[in-house]
Number of protein chains: 2
Amino acid sequence: MSEEEAPRKRADARRNQQALLDAAAAVFVRSGVEAPVRDIAAAAGVGMGTIYRHFPTRADLVVAVYRHQVEACAEAGPALLASSGTPHAALAAWIDLFVDFLVTKHGLATAIRSDNAGPLHAYFLDRLVPVCAELLAAAAAAGEIRSDVAAFELMFGVGNLCAGVDPRYDARRLVGLLVAGLGSGGGGA
Amino acid sequence: MSEEEAPRKRADARRNQQALLDAAAAVFVRSGVEAPVRDIAAAAGVGMGTIYRHFPTRADLVVAVYRHQVEACAEAGPALLASSGTPHAALAAWIDLFVDFLVTKHGLATAIRSDNAGPLHAYFLDRLVPVCAELLAAAAAAGEIRSDVAAFELMFGVGNLCAGVDPRYDARRLVGLLVAGLGSGGGGA
DNA sequence: CACGATACGGAGCAATGTTCCGCTTAGCCC
DNA sequence: GGGCTAAGCGGAACATTGCTCCGTATCGTG
């Protein structure tokens, strides 16, 4: 949607943009999502100006790098709802997917909430909250979970839970607890 | 414990340390825990050197400012266990206390996990994890909750959950869900 | 091939935490 | 009261960020 014709950029511009995306992906794997912009520019073999012309903000670059994965996660929602035994199972499976995404990208969960990550934050939430809401509503309608928790709140909380990096901390397990708590007293303990 | 005799600092040094603590407390309330060190130094009417001699690191200053509140929270643990109806109730009440502490200090939860907050992180955890462990063990022994969640993990998760500042996000509610999840399937489900 | 729009590069700016070092002064001894 | 010394102080300077600016190089079209 809103696929207005691209003004046909110059060849070197397109080339650089791709190089930047590849380099950023590589650097993010190696040094985490919080890697300095300079490092990424260096890895891509371009100057600071170039990186900022293509991605006005650090967050925009991160969004671009992970966009298709977020998309995949968003699309998996309805699919899981259709294929899983119960809405609650679908919800759990979907959140698992999301958590996997967050914890495999070193520092993503933390970066999402960083000061100047407004765009990042907004993008993730805008894209995934509706999906989560659908799963949540289905589970609530089936009487499997309480109905007083908003999708936004749940996503926000799950994102928060995925922030740590301590070896004795397993984000997945705590998220599991949270999802389990969702079912407790499904509308009245 | 380890109360080695203080080398009796100079009067102005003690005065400045106190001024720094007071100023920091004030600034933290006004601008959040992430306030620039320079602001605190200015508010206290001292130079940068002074602040760093008394508190080698930003985190050390934060720890010093909140130390007695953390202490109070730690001491409330056993008290709640003795006065509450059930260990689970005591645990919930205690975590509530902790959450209140975190959310009333603008940005504290976020700061705790910030890069160079090692000392902060370590102090909070060292002091409170044992208390949490006691409550957790009591509740588990009473068969009220599953027994496969470590105190460290729970504290870490609760701390993470308290990070956001969005108006449509209520950390307390999600922590409540988490604690509720603790009880679900008490050891299997 | 010439020329204008497009894109590039990287020095430079602002904000931060932290370190360093010459100057000041409290506190003791006479 | 007057020195003297070490403890203490202030703040300039450094390193690391994200981000901006603008002179220069390059693309692609006529």
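Below, chain A is the first sequence line, B the second, and so on; all start at residue 1.
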Quiz prompt | All ring pair (Phe, Tyr, Trp, His ring centres under 6.0 Å) counterparts of B/Tyr169, not counting sequence neighbours | solution = A/Phe156
Self-check item: A/Ile51 CD1 to C/dA7 C1', straight-line distance once rounded to whole Å
Solution: 15 Å
Quiz item: Using a cut-off of less than 4.0 Å, is there contact between a side-chain N or O of B/Tyr52 and OP1 or OP2 of C/dT19?
Solution: no
Self-check item: For DNA chain D, the residues among residues 11-27 of chain A that have a non-hydrogen atom under 4.0 Å from it
Solution: A/Ala11, A/Asp12
Quiz item: Could you go step by step and tell me if A/Val33 and A/Arg58 meet the side-chain contact (heavy atoms from CB on, under 4.5 Å) rule?
Solution: CA-CA 10 Å; A/Val33 179; A/Arg58 252 188 64 75; 4.3 Å; yes
Practice problem: Of all the heavy-atom pairs spanning A/Arg172 and A/Val99, show the shortest one and how long it is. | Solution: CG-CG1, 3.6 Å
Exercise. Just grab all the side chain to side chain donor-acceptor pair (under 3.5 Å) pairs involving residues 125-138 of chain A, residues at least two apart or on different chains.
Key: A/Glu71-A/Arg127
Quiz item: Shortest non-hydrogen contact from B/Leu21 to B/Ala64?
Solution: CD2-CB, 3.7 Å
Quiz prompt | Whole angstrom value for the distance that separates C1' of D/dT26 from NZ of A/Lys9 | solution = 17 Å
Between N or O atoms, less than 3.5 Å apart, protein on one side and nucleotides 10-14 of chain C on the other: list the pairs.
unit_1	atom_1	unit_2	atom_2	d
C/dG10	N7	A/Met48	N	3.0
C/dG10	N7	A/Gly49	N	3.2
C/dG10	O6	A/Gly49	N	2.7
C/dG12	O6	A/Arg38	NH2	3.1

Quiz item: Would you say A/His54 reaches C/dC8's phosphate, i.e. side-chain N/O to OP1/OP2 under 4.0 Å?
Solution: yes
Atom pairs and distances, donor-acceptor, side-chain atoms in residues 84-92 of chain A, under 3.5 Å, two or more places apart:
unit_1	atom_1	unit_2	atom_2	d
A/Ser84	OG	A/Leu80	O	2.9
A/Thr86	OG1	A/His88	N	3.4
A/Thr86	OG1	A/Ala89	N	3.0
A/Thr86	OG1	A/Glu144	OE2	3.3

Quiz item: Between A/Arg8 (CZ) and D/dC27 (C1'), how many Å, whole number?
Solution: 12 Å
Self-check item: Point-to-point distance, once rounded to the nearest 0.5 Å, from OH of A/Tyr66 to CZ of A/Phe101
Solution: 7.0 Å
Quiz prompt | Gap between atoms CG and P, on A/Leu61 and D/dG18 respectively (whole Å) | solution = 11 Å
Quiz item: Distance check: side-chain N/O of A/Thr57 vs OP1/OP2 of D/dC19, anything under 4.0 Å?
Solution: yes
Quiz item: In whole angstroms, how far is the P atom of C/dG17 from the CG atom of B/Leu120?
Solution: 13 Å
Quiz item: Which of these, B/Arg15, B/Arg14, B/Arg10, sits in a side-chain hydrogen bond (donor to acceptor under 3.5 Å, both in side chains) with B/Asp12?
Solution: B/Arg10
Just distance, no hydrogens or angles: give the donor-acceptor pairs under 3.5 Å from side chains in residues 44-55 of chain B, sequence neighbours left out.
unit_1	atom_1	unit_2	atom_2	d
B/His54	ND1	B/Gln17	OE1	3.2

Quiz item: Between the base of D/dA7 and the side chain of B/Arg10, is there any donor-acceptor pair under 3.5 Å?
Solution: yes
